[in-house]
Amino acid sequence: MTPGAYDAVILAGGAARRLGGVDKPALRVGGRALLDRVLDACRGAGRTVVVGPRRPTVRPVRWAREEPPGGGPVAAVDAGVRQTTAPLVLVLSADLPFLTPETVRALLDGIEGAGGGQGTEGVRATGGSQATEGTDATVGIQATGGVQATGGVQGIEGTVLIDSDGREQPLVAAYRAEPLRREIALLATEHGGLGGLPLRLLVSELALARLQHPTASFDCDTWEDITTARARIREHGHVLDEWIAAVKAELGIDLDVDTAALLDLARDAAHGVARPAAPLTTFLVGYAAAQKGGGPEELAAATEKAAALAARWAEEQ
């Protein structure tokens, strides 16, 4: 997708009553604030608007507040959308620890008809049809207002994530900006304002594609949810990727890391030279790559040279 083709609106207000009123977006999962994790997932946005109290963030954003203060999610979406200019708007809550850039792309692609990624399947449906079953990401169409549609056709006004129970999550969604603004204006006229209105009123008249994902829809509303999220990222199949992502975010770098190659290098240095050689070698490889420009090709070249040296060293034993 062309850089800047979409803007992002992140809702980071709310009272967090089920969490005892704590500052939920600032709670950490995997060493990173929930809000920062969401900001990382939508880092491709041309403009990012956070609706809520100002706070330190991992990257620059615009700030907005809903009117009236504490006026609910529809008022918050309106406040954020007012500061966007792109034709597509990504609307997210700030408590999504497992949202990834890949899922964000699938939401946006669902509007444009590019499909939803691996495991995508188009279906025909009307009204409140059930979400289709899928493994990683499954896209179907919910066509409201009597419209029938299949995946990738014109007329789709947004893509909404479906949770594991088949429920739509309108705060994990991508929308065409103009239909979203249209519905906001209609609601404001019909109800004399947006305060206190439920989100279902905002999206009920939009023609939406539906994206089902097993983890991206997980949000943190309770302390039990926070505990579950913290435990999940430490599972064997996820912990290394989560740690690498956390380190890159902390250091402010955006680099595709060939984890397998670096681990092989560390193993060879530890076994062929000495155990302390593993972390020292990988550090030197990173430093050398940075001296040459710091891109993926430079890192791969430095890794290959160090791996060859470790092999030659081991041959002499």
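No experiment lies behind these values; they were computed from the predicted model shown.
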Of L194, V203, V9, I184, which meets side chain to side chain contact (heavy atoms under 4.5 Å, CB included) against V77? I184
Is any side-chain N of the basic residue among D40 and R59 closer than 4.0 Å to the acidic one's carboxylate O? no
Might you confirm whether atom CH2 of W63 has over 12 heavy atoms from other residues, nucleotides or ligands at distances under 6.0 Å? yes
So Y6 and I111, do their side chains get closer than 4.5 Å, heavy atoms only? no
CG of L299 to CG of L262: how many Å apart, nearest 0.5 Å? 5.5 Å
Please tell me if the side chains of L265 and K305 come closer than 4.5 Å, counting only heavy atoms from C-beta onward. no
Does any N or O in the side chain of T100 come within less than 3.5 Å of the main-chain N or O of T103, such that one atom is a donor and the other an acceptor? yes
Is it the case that more than 12 heavy atoms not belonging to E190 sit under 6.0 Å from its CD atom? yes
Do D7 and T48 come within less than 4.5 Å of each other through their side chains, counting heavy atoms only? no
Would you say that P73 contacts L11 through its side chain, given a criterion of any heavy-atom pair below 4.5 Å between the two side chains? yes
From CG (L180) to CG (L202), nearest 0.5 Å: 5.5 Å
Any side-chain donor-acceptor pair under 3.5 Å between T228 and D225? no
R28, CZ atom: more than 12 neighbouring heavy atoms under 6.0 Å: no
With a 4.0 Å cut-off on N to O distance, would you call E315 and R312 a salt bridge? no
State the CZ-CZ distance between R65 and R54, to the nearest 0.5 angstrom. 10.5 Å
Keeping the roles fixed (side chain from E157, backbone from P179), state whether a donor-acceptor pair exists under 3.5 Å. no
Run the salt-bridge test on D36 and R32 with the 4.0 Å N-O cut-off and return the result as yes or no. no
Test applied, side chain to side chain contact (heavy atoms under 4.5 Å, CB included); reference residue, L96; option that passes from V29, V38, L161, L34: V38
Less than 4.0 Å between a side-chain N and a carboxylate O, is that true for D221 and K24? yes
Any donor-acceptor pair under 3.5 Å linking the side chain of D165 with the backbone of R167? no
Presence of salt bridge, E66 and R82, under 4.0 angstrom: no
Before giving the answer on side chain to side chain contact (heavy atoms under 4.5 Å, CB included), spell out for D23 and R55 the whole-Å C-alpha distance, their side-chain angles and the decisive distance to 0.1 Å. CA-CA 10 Å; D23 183 9; R55 68 190 75 229; 2.5 Å; yes
Examine distances only and state if a side-chain atom of R234 and a backbone atom of R230 form a donor-acceptor pair shorter than 3.5 Å. yes
Whether E304 side chain and A301 backbone form a donor-acceptor pair below 3.5 Å: no
From L107 CG over to Y175 OH, what is the distance, rounded to the nearest 0.5 angstrom? 9.5 Å
Are the side chain of H213 and the backbone of T215 linked by a donor-acceptor contact shorter than 3.5 Å? yes
Does I10 reach the side chain of C42, with side-chain heavy atoms less than 4.5 Å apart? yes
Beyond-backbone contact of L90 with V104, side-chain heavy atoms, under 4.5 angstrom: yes
Measure the spacing between OG1 of T159 and CZ of R176 and express it to the nearest 0.5 Å. 8.5 Å
For a 4.5 angstrom cut-off between non-hydrogen side-chain atoms, does V172 reach L92? yes
Distance to the ring centre below 6.0 angstrom and angle to the axis at most 45 degrees; does that hold for R232 and F218? yes
Keeping T84 on the side-chain end and A86 on the backbone end, is there a donor-acceptor pair under 3.5 Å? no
